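Since the structure comes first, as structure tokens, the remarks are kept for the end.
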Amino acid sequence: MKSKQQLTALIHQRAAEIKSNDNISLVMQKHYKLLFRLYLTKPLYFKVIFKANRFIIGSAIMAYAFTSANPTLRDVKDFCKKTGLISDNTIDSFLLFIRVGGRMEVKKDAQDKRKLTYTVTRKALDETRALINTMMIPYGMLYDDFDVSACLKMENFHAEYFKKYAEITLKHVYLFDMVPESKAFIFRDAGHMLLMDLYIESLQQKTTVIEYNYLKASVKCGVSRSHIKRCLEDAEAAGLLTLNKTSNTLILHLSFMHMALDYFAVYMAMVEYGLRGLSGVPPLPASLSR
């Protein structure tokens with residue numbers, strides 16, 4: 001297993017390769033289209049799961065589920081506490097949210113009644129697979145050697161993917177550490193969706209001075225207009241954009257455009273790490289994976 005330093009260096013390297021691809025804008029638009037379609041099916045769930053600290057908990061749940069013979073809630077809680085980023089209340093409330101939503105089944109361990117073991121339900125697996133597909137399908141647009149259709153049909157996809165992707169999770173490699181400017185967005189509910197929405201609007205309007213409809217954005221992201229405004233104000237304070245409240249326009253600074261591209265490329269490089277561990281998928285050439 002690679003060290004955190006090795007994983008971080010590899011992901012940075014792969015992200016640089018990905019974002020230099022001539023089709024990167026089309027790939028980002030494809031991801032956004034797929035994600036938007038999925039997002040509308042369960043906006044409450046997806047807006048929560050995309051908040052950075054909840055994403056860490058969700059990733060830990062999947063990591064232990066597929067790398068441990070008897071994953072326990074204590075495994076997940078201890079891991080999350082060690083990050084220093086998540087309070088006990090947040091961990092407990094999110095685990096309850098997952099259980100009540102029918103995404104996790106919990107029972108007492110047969111050998112030690114003090115331990116609570118868990119399994120991830122079919123509902124959670126299907127949602128997770130659909131979420132990965134919003135990146136996997138666009139990834140196939142970048143590399144001809146990656147057979148998207150074969151991966152979509154894989155029966156053992158989750159076990160193979162998370163056995164590999166778990167290395168990133170368990171080594172505490174975080175997207176927001178690799179792209180710090182993204183924190184203004186992804187530390188809030190629906191932050192990923194809002195970030196992508198702004199970038200795609202810029203591509204579609206063919207300008208970085210975009211007309212932005214807060215009502216439409218709130219529907220897209222599954223959050224209130226006031227939530228979006230607070231997020232944008234944080235981004236403005238971070239120097240990523242400028243708000244013009246009288247005309248409902250935003251000026252997306254070059255720093256935002258670079259950040260959004262870096263963010264997406266790093267995210268895809270992380271997903272790629274799991275995908276290249278699947279059976280039948282050729283590994284990256286040595287020159288691309290050093």
Side-chain angles (χ1 to χ4, degrees), residues 31 34-81 83 85-137 151-166 168-170 186 188-193 218-224 227 267 271 274:
H31 163 68
L34 292 170
L35 180 62
F36 178 56
R37 189 182 303 159
L38 176 64
Y39 205 94
L40 288 180
T41 64
K42 296 172 183 174
L44 173 61
Y45 175 68
F46 288 111
K47 78 172 184 180
V48 170
I49 198 71
F50 265 125
K51 187 173 182 178
N53 57 0
R54 273 71 173 253
F55 194 84
I56 291 173
I57 304 171
S59 297
I61 290 170
M62 288 296 180
Y64 285 107
F66 291 102
T67 60
S68 175
N70 292 295
T72 68
L73 293 186
R74 178 52 55 193
D75 293 332
V76 175
K77 290 182 179 181
D78 288 347
F79 172 83
C80 293
K81 287 179 183 179
T83 67
L85 298 167
I86 315 169
S87 70
D88 288 349
N89 285 342
T90 297
I91 298 169
D92 289 337
S93 63
F94 185 73
L95 289 175
L96 181 61
F97 173 76
I98 293 295
R99 292 174 66 179
V100 170
R103 297 176 175 92
M104 176 192 286
E105 293 179 351
V106 176
K107 63 180 181 180
K108 290 183 179 180
D109 183 79
Q111 304 300 321
D112 186 346
K113 300 298 183 181
R114 295 170 298 176
K115 293 182 179 179
L116 293 176
T117 61
Y118 71 88
T119 55
V120 181
T121 66
R122 173 51 55 186
K123 178 180 180 179
L125 293 175
D126 289 345
E127 290 170 343
T128 302
R129 181 70 180 273
L131 193 56
I132 294 171
N133 287 349
T134 70
M135 291 296 278
M136 184 177 76
I137 293 170
C151 290
L152 288 171
K153 298 173 185 175
M154 281 187 66
E155 294 183 2
N156 204 35
F157 179 90
H158 296 93
E160 293 191 10
Y161 178 86
F162 281 104
K163 184 177 180 181
K164 189 68 174 177
Y165 185 85
I168 291 175
T169 300
L170 300 180
I186 65 172
R188 288 183 176 272
D189 284 349
H192 173 87
M193 192 64 179
S218 70
V219 174
K220 290 178 185 178
C221 299
V223 292
S224 67
H227 178 91
Y267 182 23
V271 172

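Computed over heavy atoms, backbone and side chain alike; hydrogens, waters and symmetry mates excluded. Predicted model only: the values in this text are computed from it and were never measured.
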Anything under 30° is parallel, anything over 60° is perpendicular, the rest tilted; go ahead and classify Tyr267 against His31. perpendicular
Using 0.5 Å steps for rounding, measure from the CZ atom of Phe66 to the CD atom of Glu160. 11.0 Å
Among Ile86, Leu95, Asp88, side-chain contact (heavy atoms from CB on, under 4.5 Å) partner for Cys80: Ile86
Are any side-chain N or O atoms of Tyr118 and backbone N or O atoms of Ile61, one a donor and one an acceptor, separated by less than 3.5 Å? yes
Side chain to side chain, Met104 and Leu73, heavy atoms closer than 4.5 Å: yes
Tell me, do Asp189 and Arg54 make a side-chain contact under 4.5 Å, heavy atoms counted? yes
Side-chain (Tyr39) to main-chain (Cys221) donor-acceptor, under 3.5 angstrom: yes
Decide if atom NZ of Lys42 counts as having more than 12 heavy atoms of other residues, nucleotides or ligands within a radius under 6.0 Å. yes
Within the structure provided, determine whether Thr41 and Glu127 are in side-chain contact (heavy-atom separation under 4.5 Å). no
In the structure I gave you, are the side-chain heavy atoms of Arg37 and Leu34 within less than 4.5 Å of one another anywhere? yes
With side chains defined as the heavy atoms from C-beta onward, is the minimum distance between Phe157 and Arg129 less than 4.5 Å? yes
Any sub-3.5 Å donor-acceptor pair from Arg114's side-chain atoms to Asp109's backbone N or O? no
Asp92 (side chain) donor-acceptor with Asn89 (main chain) under 3.5 angstrom: no
Would you give the length of the straight line joining atom OG1 of Thr72 to atom NZ of Lys115, rounded to the nearest 0.5 angstrom? 6.5 Å
Report yes if the distance between the aromatic ring centroids of His192 and Phe55 is under 6.0 Å, otherwise no. no
Can you tell me if Ser93 uses its side chain to pair, donor with acceptor, with the backbone of Thr90 under 3.5 Å? yes
Indicate the ring-plane relationship of Tyr165 and Phe162, choosing parallel, tilted or perpendicular according to the 30° and 60° boundaries. perpendicular
Counting distance only, does the side-chain N/O of Thr121 pair as donor-acceptor with the main-chain N or O of Gly102 below 3.5 Å? yes
Of all heavy-atom pairs linking Ala166 and Ala63, the shortest is CB-CB, 3.8 Å
Pairwise side-chain contact, Tyr64 with Leu170, heavy-atom cut-off 4.5 Å (strictly under): yes
Quick check for you: to the nearest 0.5 Å, what is the distance between Arg99 atom CZ and Leu116 atom CG? 7.0 Å
Taking atom CD1 of Ile91 and atom CZ of Phe79, what is their separation to the nearest 0.5 Å? 10.5 Å
side-chain contact (heavy atoms from CB on, under 4.5 Å) between His227 and Arg188, worked out: CA-CA 9 Å; His227 178 91; Arg188 288 183 176 272; 4.0 Å; yes
Ile57 CD1 to Lys77 NZ distance, which is reported to the nearest 0.5 Å: 10.5 Å
For Lys51, all residues meeting salt bridge (charged side-chain N to carboxylate O under 4.0 Å, His left out), sequence neighbours excluded: none
Side chain to side chain, Asn133 and Leu152, heavy atoms closer than 4.5 Å: yes
Any side-chain heavy-atom pair from Asn53 and Phe94 closer than 4.5 angstrom? no
Report yes or no: is the cationic atom of Arg103 (NZ for Lys, CZ for Arg) closer than 6.0 Å to the six-membered ring centre of Tyr45, at no more than 45° off its axis? yes
For atom NZ of Lys108, decide whether the heavy atoms of other residues, nucleotides or ligands shown that lie under 6.0 angstrom number more than 12. no
I need the Leu40 CG to Leu35 CG distance, nearest 0.5 Å. 9.5 Å
Report yes or no: does Lys123 contribute a side-chain atom to a donor-acceptor pair with the main-chain N or O of Gly101 at less than 3.5 Å? yes
